[in-house]
Amino acid sequence: MSRSRRTIPEELLLLALDPATGTTAQPQSLDLGLAGAQLVELALAGRIAPDGDRIAVVLARPTGDPTLDTALELLRRRGSPVRAVHWIGGPRLGLRQTYLTHLERCGMVQAIENHMCGVLPTTRYQASDNIVSRQIRHRLDTAIRTGAPPDPRTAALASLAHAVGLGKHLYPGNEGRSSRSRLRDLIRHDPMGGLVAHAVMEVQNGAAGQAKRAAAPNRGRGQAPRATAVPAQGPEQGVPRHAERSHPRELARVTRSAVTAR
C-alpha cells in the first residue's frame with residue numbers, strides 16, 4: 001500500500017481533532033468509526049469485500065500498514081464472513097491512541113503534555129501539518145457544495161464522518177444544517193462506506209438502548225409498580241368481563257356459552 005496518502009482511519013481522526021481543545025470530537029463513537037474506517041480501507045485495498053451485511057476476506061496478503069494488517073489477520077482467523085455490526089461493536093481498546101501515536105511519529109500531529117488541576121497528567125494533540133488537514137476538509141466541502149458524486153475515498157470518509165456525529169463539529173449551528181444534511185446524503189455514493197456507516201450507527205443505537213434499559217430500574221426504585229390496564233372485552237366479543245382473569249379452560253367454557261346464547 002502506498003504511503004503517499006493518508007488512510008481513511010487517519011483522515012477521520014484528523015477531521016475529529018479539535019484545534020481549540022487538542023482533543024477529539026465524539027470520542028466514544030469515534031472509536032467505532034475508526035474500526036469501520038479500517039474495513040473501508042481494507043476494501044479499497046482489495047483485501048476484503050462485502051457479502052450482504054457481512055465482510056469476507058478475499059485476499060489475505062498484508063498491506064504493509066501494521067494496524068490494518070492486524071485487523072486483516074483477525075478477520076482471516078474468523079474463517080467465515082463476519083457481520084459488519086459485530087466486528088465494529090467488538091472491543092477496540094486503544095485503537096484511537098494507536099492512530100494518534102502513529103500520526104505523531106509521522107509528524108502529522110504534535111503531542112502536548114500538560115497537567116489537569118496541576119496534578120493529573122494529560123496529553124493534547126495539535127495538527128502539525130495543517131496543509132493535509134485542509135486538503136481533507138476541502139474534499140468534503142467540495143463534495144457537499146457541488147453535489148457531484150465524489151471519489152470512493154471521499155464518499156466513505158463522508159459516510160463515516162456522518163455516522164460518528166462529526167457533522168456538528170465540522171458544520172456547526174443553524175448555518176451548517178444544510179451541509180450536515182448533504183454530508184449524510186453522500187452515504188449513497190459508496191456501498192462499502194454505506195454498509196460500514198450504518199453498522200456504526202446500529203452499534204451506537206444498540207448501546208444507547210442498553211443504557212436506557214439499565215437506567216429504568218433505578219428510576220423506578222422506591223416507587224410502587226404501576227398497574228397495567230388490560231382492556232376489557234365488552235359484550236361485542238361475547239365474553240363477560242368477569243371471565244377476563246379466569247383459567248383458560250374456564251374462559252373457553254364461558255366463551256362457548258356466550259356464543260351459544262346468541
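Side-chain polar atoms of Tyr171 and Asp141 form a donor-acceptor pair below 3.5 angstrom. Donor-acceptor pairing under 3.5 Å is recorded for the side chains of Glu10 and His102. No hydrogens or angles considered: a donor-acceptor pair under 3.5 Å links the side chains of Gln38 and Tyr99. A side-chain donor from one of Thr63 and Asp69 sits under 3.5 Å from a side-chain acceptor of the other.
Enclosure of atom CZ in Arg177 is not indicated, since only 12 or fewer non-hydrogen atoms of other residues, nucleotides or ligands lie within 6.0 angstrom.
Side chains of Val109 and Leu17 form a contact here, defined as non-hydrogen atoms less than 4.5 Å apart. With contacts defined as side-chain heavy-atom distances shorter than 4.5 Å, the pair Leu68/Leu72 does not qualify. Put simply, the side chain of Leu157 reaches to within 4.5 Å of the side chain of Leu15, judged on heavy atoms. Proximity of Asp190 to Leu195: side-chain heavy atoms (C-beta onward) are nowhere separated by under 4.5 Å. Leu39 is listed as a side-chain neighbour of Trp87, based on a closest heavy-atom distance under 4.5 Å. The closest side-chain heavy-atom distance from Ser29 to Val200 is not below 4.5 Å.
In this structure, Ile48 CD1 and Arg54 CZ are separated by 14.0 Å, a value rounded to the nearest 0.5 Å. Residue Ile88 holds its CD1 atom at 10.0 Å from CE of Met201, rounded to the nearest 0.5 Å. Atoms CG and NE2, on Asn205 and His198 in that order, are 10.5 Å from each other to the nearest 0.5 Å. Atoms CG and CG, on Leu30 and Leu166 in that order, are 6.5 Å from each other to the nearest 0.5 Å.
A salt bridge links Arg139 to Glu11: at least one charged side-chain nitrogen sits closer than 4.0 Å to a carboxylate oxygen.
A search for side chain to side chain contact (heavy atoms under 4.5 Å, CB included) contacts involving Thr98 returns Thr67, not counting sequence neighbours. Under the rule for a salt bridge (charged side-chain N to carboxylate O under 4.0 Å, His left out), the partners of Glu73 that lie at least two apart in sequence or sit in another chain are Arg76, Arg77.
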Assess the residue pair Lys168 and Arg180 against the criterion (side chain to side chain contact (heavy atoms under 4.5 Å, CB included)); give the C-alpha distance rounded to whole Å, side-chain angles, the decisive distance to 0.1 Å, and a yes or no. CA-CA 7 Å; Lys168 291 183 178 180; Arg180 294 196 297 270; 3.9 Å; yes
Using salt bridge (Lys or Arg N to Asp or Glu O under 4.0 Å), reason through Glu41 and Arg47 one step at a time and then give a plain yes or no. CA-CA 9 Å; Glu41 190 66 47; Arg47 297 325 195 256; over 6 Å; no
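Of the candidates Ser179, Ser178, Pro150, Ser179 is the only one forming a side chain to side chain contact (heavy atoms under 4.5 Å, CB included) with Ile144.
Taking both residues in full, the closest heavy atoms of Pro81 and Asp51 are given as CG-OD2, 3.8 Å, listed atom of the first, atom of the second, then distance. Closest of all the heavy-atom pairs between Ala37 and Leu12 is CB-CD2, 4.5 Å. Of all heavy-atom pairs between Ala143 and Thr154, the closest is CB-CG2, 4.3 Å.
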